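Side chains included, hydrogens not; waters and symmetry mates left out as well; all remaining heavy atoms used. What you are looking at is a predicted structure, and each value in this text was computed from that prediction instead of being measured.
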Amino acid sequence: MKLWLVRHATPLVPPGTCYGHLDVAADASATATAAQALATALPAGVRLRASPLRRCEQLALSLQGLRPDLACTTDARLAELDFGAWEGLRWDAIAPAAYDAWTADFAHYRPGGGESLAALLQRVQDALAAARSGGAEEAWITHAGVARCVHWLLQTPAGTWPSASDWSMPAPSFGAWQAWEI
């Protein structure tokens with residue numbers, strides 16, 4: 001069964017901003033371009049799920065305008081990592097000691113008091129289990145962090161936790177996608 005991991009279009013945030021769970025819009029023109037390409041690529045009958053964050057919902061709605069056969073379900077498990085108090089800050093404004101604490105315990109530290117990577121991995125693992133049991137191809141309109149979690153979960157032995165240096169798996173570019181056999 002195939003899982004399409006689609007990343008939202010370019011978000012409207014200044015470069016260098018931490019915006020994981022921050023609910024920001026995406027560039028409208030880039031969203032339309034991504035929807036056009038995706039509308040052509042996705043097969044009939046694919047189940048469409050989207051993160052509840054606005055930048056993903058924009059792409060889902062634009063895609064549905066082109067492909068009314070694709071009904072979309074919002075799925076909170078597909079949201080990006082919650083960086084807590086770091087949300088909206090410039091990465092270079094985060095205290096180096098806090099950033100170092102995160103990279104020292106990358107899987108379990110809660111950056112900005114938000115969500116740990118272990119919690120995000122669990123959410124994505126639950127979504128993957130549901131997709132596998134659904135019996136049909138799925139397309140997830142989501143975020144780089146979720147795409148990296150899928151990559152980690154499908155390519156790494158169970159129970160292995162990533163370190164900061166491990167977390168370099170490729171994620172789709174803004175408005176692009178990857179397809180995985182799950």
Side-chain angles (χ1 to χ4, degrees), residues 3-28 30-31 34 49-60 74-129 131 140-180 182:
L3 173 63
W4 300 73
L5 292 173
V6 183
R7 188 173 179 190
H8 58 79
T10 308
L12 298 175
V13 295
T17 300
C18 175
Y19 65 92
H21 215 260
L22 195 62
D23 199 13
V24 297
D27 178 85
T31 297
R49 297 188 191 280
S51 159
L53 297 176
R54 184 174 10 169
R55 56 195 182 267
C56 293
E57 288 186 328
Q58 280 178 257
L59 181 51
T74 300
D75 190 334
R77 297 174 297 190
L78 305 184
E80 184 60 281
L81 184 75
D82 182 351
F83 287 97
W86 294 5
E87 295 285 349
L89 297 178
R90 290 188 47 82
W91 283 105
D92 59 11
I94 296 167
Y99 195 79
D100 290 346
W102 179 34
T103 58
D105 187 13
F106 194 63
H108 299 98
Y109 185 81
R110 295 173 48 221
E115 177 181 32
S116 70
L117 179 57
L120 176 60
L121 281 162
Q122 185 61 57
R123 277 199 283 121
V124 174
Q125 186 172 19
D126 293 347
L128 270 173
W140 293 357
I141 299 177
T142 189
H143 311 271
V146 171
R148 287 186 177 103
C149 284
V150 169
H151 189 144
W152 183 265
L153 292 165
L154 295 178
Q155 301 294 316
T156 308
T160 305
W161 295 107
S163 68
S165 62
D166 293 329
W167 205 246
S168 60
M169 294 82 65
S173 302
F174 293 120
W177 58 86
Q178 298 170 331
W180 288 88
I182 59 169

Review point. Is the number of heavy atoms from other residues, nucleotides or ligands within 6.0 Å of OH (Tyr99) greater than 12?
Key: no
**Study point:** From CG (Leu121) to OG1 (Thr156), nearest 0.5 Å
**Key:** 9.0 Å
Study note, to complete from the structure: Applied to residues 92-104, the salt bridge (charged side-chain N to carboxylate O under 4.0 Å, His left out) test, sequence neighbours excluded, yields Arg90-Asp92
Review point. Between Ser165 and Phe106, is any pair of side-chain heavy atoms under 4.5 Å apart?
Key: no
Revision key, fill the gap. Closest non-hydrogen atoms of Ile182 and Ala131, given as atom of the first, atom of the second and distance, are CD1-CB, 3.9 Å
Point to revise | Gap between atom CG of Leu22 and atom CD of Glu80 - 0.5 Å precision | key: 11.5 Å
Review point. What distance separates His8 NE2 from Asp27 CG, expressed to the nearest 0.5 Å?
Key: 12.5 Å
Review point. So, Arg7 side chain and Pro172 main chain: donor-acceptor pair closer than 3.5 Å or not?
Key: yes
Practice item. Work out which heavy atom in Ala118 is nearest to a heavy atom in His108; give both atom names and the distance. Key: CB-CD2, 3.9 Å
Review point. What distance do Arg110 atom CZ and Leu117 atom CG have between them, rounded to the nearest 0.5 Å?
Key: 13.5 Å
**Study point:** Minimum side-chain heavy-atom gap Val150-Trp140 below 4.5 Å
**Key:** yes
Practice item. Find the distance between CD (Glu57) and OG (Ser51) and round it off to the nearest 0.5 Å. Key: 7.5 Å
Practice item. Report yes if the side chains of Leu81 and Pro111 come closer than 4.5 Å at any heavy-atom pair, otherwise no. Key: yes
Review point. Would a distance-only check, ignoring hydrogens and angles, find a side-chain to backbone donor-acceptor pair under 3.5 Å from Thr142 to Leu78?
Key: yes
Review point. Can you name the nearest heavy-atom pair linking Leu59 to Ala34, along with the distance?
Key: CD1-CB, 3.9 Å
Point to revise | Side chain proximity check, His151 to Pro170, heavy atoms < 4.5 angstrom | key: yes
Check your understanding: Relative to the ring of Tyr109, is the ring of Trp86 parallel (under 30°), tilted (30 to 60°) or perpendicular (over 60°)?
Key -> tilted
Review point. How far apart are the closest heavy atoms of Thr17 and Trp91, and which atoms are they?
Key: O-NE1, 3.6 Å
Review point. Under 4.5 Å between any side-chain heavy atoms of Phe83 and Leu89, yes or no?
Key: no
Review point. With distance as the sole test, does Glu87 use its side chain to make a donor-acceptor pair with the main-chain N or O of Asp82 at under 3.5 Å?
Key: no
Exercise for review: Please examine the side chains of Trp152 and Trp167, heavy atoms only from C-beta on, and report whether any two atoms are closer than 4.5 Å.
Suggested key: yes
Practice item. Test Val24 against Leu12 for side chain to side chain contact (heavy atoms under 4.5 Å, CB included), laying out the working first. Key: CA-CA 7 Å; Val24 297; Leu12 298 175; 5.8 Å; no
Check your understanding: Between His143 and Leu53, is any pair of side-chain heavy atoms under 4.5 Å apart?
Key -> yes
Review point. Going from CH2 on Trp177 to CG on Leu3, what distance comes out if it is rounded to the nearest 0.5 angstrom?
Key: 14.0 Å
Check your understanding: Looking only at heavy atoms, which two atoms of Ala26 and Gln58 are closest? And how far apart?
Key -> N-OE1, 2.7 Å
Check your understanding: Shortest non-hydrogen contact from Ala79 to Leu120?
Key -> O-CD1, 3.8 Å
**Study point:** Student check: side-chain heavy atoms of Arg123 and Glu115 closer than 4.5 Å
**Key:** yes
**Study point:** Main-chain N/O of Asp23 paired with Arg54 side-chain donor or acceptor, under 3.5 Å
**Key:** yes
